[in-house]
Amino acid sequence: MEIASKYSPAEVEGKWYEYWMEHKLFASKPDGREAYTIVIPPPNVTGVLHMGHVLNETIQDILVRRARTEGKNACWVPGTDHASIATEAKVVNRLAQQGIKKADLTREEFLKHAWAWTEEHGGIILKQLRRLGCSCDWDRTSFTMDEKRSESVIKVFCDLYNKGLIYRGVRMVNWDPKALTALSDEEVIYKEEHTKLYYMKYYVADCTEADDKAWTKELETQAEGGNVIHKDAKGYYAVVATTRPETVMGDVAMCINPADPKNRWLSGHHVIVPMKGRVIPVIEDDYVEIEFGTGCLKVTPAHDVNDYMLGEKYNLEAIDIFNDDATLSEAAGLYVGQDRFEVRKQIAIDMQDAGLMEKIEDYDNKIGCSERTGVPIEPKLSMQWFLKMEHLAEIALKPVMDDDIKFYPVKYKNTYRHWLENIKDWCISRQLWWGHRIPAYYLPTGGFVVAETAEKALELAKEKTGNKNLTSSDLRQDEDALDTWFSSWLWPISLFDGINNPGNEEIRYYYPTADLVTGPDIIFFWVARMIMAGYEYEGKMPFRNVYFTGIVRDKLGRKMSKSLGNSPDPIELIEKFGADGVRMGMMLSAPAGNDILFDESLCEQGRNFNNKIWNAFRLVQGWQVDGTAKAGDCQKKAVEWFAALLREKNAEMKDLYGKYRLSEALMLVYNLFWDEFSSWYLEMVKPAYGQPIDKETYDATIRFFDALIKMLHPFMPFITEELWQHIAERKEGESIMTETLTMDAPSDKDAKTVEEVEQLKALITAVRGIRAQKNISPKETLTLQVTAGDPLAAYAAVTMKMANISSIDTVNQKDDTAATFLVGTTEYAVPMGNLIDVEAETAKLVAEQQRLEGFLAGIEKKLGNERFVANAPAAVVEMERKKKADAESKIAAIKESLKKLGK
RNA sequence: GGACGAAUAGCGCAGCUGGUUCAGAGCAUCUGCCUUACAAGCAGAGGGUCGGGGGUUCGAAUCCCUCUUCGUCCACCA
């Protein structure tokens, strides 16, 4: 059968994925085997595959497939996340394009649109995962808002409420004026921006005659370290620096530091809010930084977290001057209905015109922005639901600190600890419709009940009010939905229905899951909270190991983004290089925790490797097998060596997997296949053209090939499955995927064999090097001379074949015209006849001699150092002595050779 | 402003508790080859003194201090 010289992924990938699906090879049910579970970090239901997913999912697939080769019952559960803000925003946008405003729809109507959108776009990403070869148990596909998951969320909400961990209250929250919802602290990202610092005049409202006299005097003396008093035609004034002049309408006080000498004169006075004209008190608190701005702080409790704290402390009124969309409200009294940023510009102009602006400076500031919509968040007082975190943080900290749950890389333990130790209550309500609706029901008489269903709520309501005549229409369910992460944090439990159906067979079998693979950006959002929920609801960790991937960047180190256009479409890459090639390209440069600089050329390398495997197979597959022939010495030695090498490398692989050093594991098997197997082993056993191969060697080669593709399978599932069918007697329904890879541990003898062959390779390479230097064709046969005691004598047949040597002669005297070289301390010589270039050969030897003499001098110096000999361990000293002896004998050999050359 | 991490061949990286894997593989580069498995390949070669400085030690890429540069996270300086 003629096989193409180039591997064509497109022809095999689809076929095998179908085969795996058809035979339910990814499916898992609890059984007697050890479970290996991964739950997918659910991508947004309406998302599409990007390079970050490719990295993440490839790693998970490698781990899952590896677990299968170890004989474990591997279960990878896929699913998607409803991503409330992101999805709702997309739906709102689409409706807007159709001329529909969300405000004009009822909740039910809106949700109908949202579900339609979800069905239209949902699951695209899951289909794309199949192209990548992901071996998820698709029958288990879940959605954070499907029935079971929703039920779990509501149950947990009620439970936490009943435990007193959930409360409702008016607090300062992060308000997203675009999405019109509160956000958790984690959803706020800070961006550096160039802004202005406005210095505004607050005239003193209550300047007495005595004040005037005293201040006038101080103004004249201008004493160092004394009051800094401002006065103009309109009177005395304080200067307040702010980045947000538009909030002056909400000012209820001015605050100075009691220890601030500059502003002592203002103590106990009142000042007039510019533009607004309201008279406000000057209060004193050491929260105010003396050195910042003028040391005077305007206090706007409704619009700043810290001002809010001051407001609480000094019992100040909070005037909310913004509407939900961050336009100015009636309460502002000025600029009503205008946007906050327009007002900022306008009020600055107006103040300047009114002589109320002292100056404006440039200022670099950090602005908190909504993670989803990108708009600057507005600190806002509002009624929200919160989850107390103290207890949950406590139960989640210890297991990570104690390494019950291991983080890879470990540096994230610090990050984790710091967050948990400084945690604040979690704002879990969102003013959105797309999500799990909060199961709180308000009573007509005030107050509320929390219950899993409307029916139960009614019962509770009757009890609470004592009114038996209440009907469900008297109750009004809370309009808010829950934060998306309030469902994601249950994912490892809810996927196995452990909330609704505690202690069921599946949760007992699959939980705790084995490994979690995710990005460090969601360590707080998701990882930490899953750990909390895991201990709260299962009493156990949700996963044993967390593998944090890096961020995928382009080769210039920039984040991949749509706007930069530097993010390749994974599906296009797969079409170009094959899924196996893309997977390998991704893994080649993806050590845990480091950012990945992705470059298409890595996929090319992956594709080339596929081709290499393919061609190695073509070679083996084309051999004629002679059942009666005996294996030659060369073949025997080769088989013996490669068997030893495989055992060693397999053990190394195991170690690397254990440390989650997957790129190194891939590199190892890449070298093993390409260099050791293809370049060395196959060349050793390869029969002469047109000749058959003996059965013994052939069978061994097939066994090796089989082991190699099994080692490769987790990384490159498609090509390995394709080739496995040709070398194994596969029955319908069987797959390389479910084959276990068993191999003996390497022995000391293996180590010795491998080491000998390393020397042998050095010998062969040296001969080839001589050919390259002297321009001797590989086809031209040479002879080799060695002085007595050749340690590689047992491999003579291999040497002769690989270096094209006709005879290896043990001699006392090397040929005068030989090119010589050393392997270890053994000197070899290749007689060159008239091909020898005496000058070049001499130069080479002299250089080598000089190098060795330098080396020797270093060692002698070391050994001459009494303190070294006295203090260093005996083994180290012994080693140095051996090095010295070796160097000396090498130098002697070179001198001998030089003499032969007449130098 | 804190905390953490990183700096090793042209590039992206590995080098665990100091001395035989010690200066490493991969890609790239250079030279020679279309040798009938593979030019998406084969054979061979060059290249770094381990960010700077100081210290500990018989001995430092490895431990300590310091500086520089980058990155990440956290933080209420309006």
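Throughout, a chain's letter reflects where its sequence line sits, starting with A, and its residues are numbered from 1.
- Note on Ser678(A): a base of the nucleic acid sits closer than 4.0 angstrom, heavy atoms only.
- Searching all strands for a Watson-Crick or G-U wobble partner of G46(B) with both distances below 3.5 Å returns nothing.
- Map Leu619(A) and Trp674(A) each onto its nearest nucleotide of RNA chain B; the residue landing nearer the 5' end is Leu619(A).
- To the nearest 0.5 angstrom, Ile522(A) atom CD1 is 8.5 Å from Phe548(A) atom CZ.
- Between Tyr681(A) and Phe677(A), the ring-plane angle classifies as parallel under the 30° and 60° cut-offs.
- When Watson-Crick and G-U wobble pairs are counted only if both distances are under 3.5 Å, U72(B) pairs with A3(B).
- Per the geometry, CG belonging to Asp655(A) stands 14 Å off C1' belonging to A14(B), to the nearest Å.
- Just one of Asp307(A), Thr247(A), Asp304(A) meets the side chain to side chain donor-acceptor pair (under 3.5 Å) condition when paired with Lys298(A); it is Thr247(A).
- Residues Lys659(A) and Asp655(A) are paired through a salt bridge, judged by an N-O separation under 4.0 Å between the basic side chain and the carboxylate.
- The separation between Lys191(A) atom NZ and C73(B) atom P is 14 Å, rounded to whole Å.
- Of the candidates C38(B), C77(B), U72(B), U72(B) carries the atom nearest the Arg553(A) side chain, counting heavy atoms from C-beta on.
- Between A78(B), A40(B), C74(B), one nucleotide has an atom nearer to the side chain of His418(A) than all others, and that is C74(B).
- One interatomic measurement links the two molecules: CG of Leu602(A) to P of C13(B), which rounds to 12 Å at whole-angstrom precision.
- Along RNA chain B, the nucleotide nearest Tyr7(A) and the nucleotide nearest Val305(A) are compared for position; the residue whose nucleotide lies closer to the 5' end is Tyr7(A).
- When the side-chain nitrogen and oxygen atoms of Arg768(A) are compared with OP1 and OP2 of G44(B), one or more of them lie within a distance under 4.0 Å.
- Using a 4.0 Å cut-off, some side-chain N or O of Asn608(A) falls inside it from OP1 or OP2 of G41(B).
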Within the sub-3.5 Å range, which N or O atoms of nucleotides 24-26 of chain B have a protein N or O partner, and how far apart are they?
| from | atom 1 | to | atom 2 | distance (Å) |
| --- | --- | --- | --- | --- |
| G26(B) | O2' | Gln605(A) | NE2 | 3.2 |

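- Looking at the side chain of Leu597(A), the nearest of the listed nucleotides G44(B), G5(B), G12(B) is G12(B).
- Between Lys686(A) and A37(B) there is a side-chain N or O to OP1 or OP2 distance below 4.0 Å.
- Contacts of Tyr416(A) with the nucleic acid, taken as non-hydrogen atoms under 4.0 Å apart, are absent.
- Using cut-offs of 30° and 60° for the angle between ring planes, the Tyr660(A) and Tyr408(A) rings count as tilted.
- Nearest to the side chain of Val288(A), among C38(B), A43(B), A78(B), sits A78(B).
- Residues Arg607(A) and Asn610(A) bring no donor and acceptor atom of their side chains to less than 3.5 Å of each other.
- For Met586(A) and C13(B), the CE to P distance is 13 Å, given to the nearest whole Å.
- At a threshold of 4.0 angstrom between heavy atoms, the contacts of Lys298(A) with the nucleic acid are absent.
- Interatomic distance, Ile727(A) CD1 to Gln621(A) CD, rounded to the nearest 0.5 Å: 11.5 Å.
- A close approach under 4.0 Å does not occur between any side-chain nitrogen or oxygen of Tyr689(A) and OP1 or OP2 of U35(B).
- In this structure, the side chain of Ser679(A) engages the main chain of Trp674(A) through a donor-acceptor pair within 3.5 Å.
- Of all nucleotides present, none satisfies the Watson-Crick or G-U wobble test against U35(B) with each distance under 3.5 Å.
- With a cut-off of 3.5 Å on both Watson-Crick or G-U wobble distances, the partner of G12(B) is given as none.
- Distance check, rounded to the nearest 0.5 Å: CD of Glu880(A) to CD1 of Ile859(A) gives 5.5 Å.
- For the pair Ser678(A)/Lys612(A), a side-chain contact is recorded, criterion being any heavy-atom separation below 4.5 Å from C-beta on.
- Side-chain contact between Leu863(A) and Arg881(A) is present, with heavy atoms from C-beta onward closer than 4.5 Å.
- Contact annotation: Lys612(A) reaches the phosphate of C42(B) (side-chain N/O to OP1 or OP2, under 4.0 Å).
- Within 4.0 Å (heavy atoms only), Ser601(A) reaches no atom of the nucleic acid at all.
- Both distances falling under 3.5 Å, in either a Watson-Crick or a G-U wobble arrangement, occur for no nucleotide opposite C22(B).
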Review item, nucleotides 15-22 of chain B N/O atoms under 3.5 Å of protein N/O:
| from | atom 1 | to | atom 2 | distance (Å) |
| --- | --- | --- | --- | --- |
| G15(B) | OP1 | Arg661(A) | NH1 | 3.2 |
| G15(B) | OP1 | Arg661(A) | NH2 | 2.6 |

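- If you check every strand for non-hydrogen atoms under 4.0 Å, Tyr198(A) touches nothing.
- The shortest distance between the side-chain N/O atoms of Thr415(A) and the OP1/OP2 oxygens of C74(B) is not below 4.0 Å.
- Residues passing the side chain to side chain contact (heavy atoms under 4.5 Å, CB included) test with Tyr287(A), sequence neighbours excluded: Asp285(A), Leu297(A), Asn306(A), Leu310(A).
- Glu755(A) comes within 4.0 angstrom of nothing in the nucleic acid, heavy atoms only.
- Going from the C1' atom of C70(B) to that of C63(B) covers 24 Å, rounded to whole Å.
- Tyr7(A) contributes atom OH, which lies 12.5 Å from atom CG of Asn615(A) (distance to the nearest 0.5 angstrom).
- Remark: C1' of A3(B) and CG of Asn422(A) are 11 Å apart, rounded to the nearest angstrom.
- The phosphate of A3(B) has neither OP1 nor OP2 within less than 4.0 Å of any side-chain N or O from Trp419(A).
- Among the protein residues, Asn365(A) comes within range of the sugar-phosphate backbone only, with heavy atoms under 4.0 Å from sugar or phosphate atoms but none that close to a base.
- Spacing between atom CD of Glu246(A) and atom P of A78(B) amounts to 14 Å, rounded to whole angstrom units.
- Close to G5(B), at under 4.0 Å from its OP1 or OP2, lies no side-chain N or O of Asn414(A).
- Here A75(B) is the nucleotide among C77(B), A37(B), A75(B) with the atom lying nearest to any side-chain atom of Lys366(A).
- When distances run from any side-chain atom of Lys424(A) to the nucleotides G12(B), C76(B), C38(B), the shortest one goes to C76(B).
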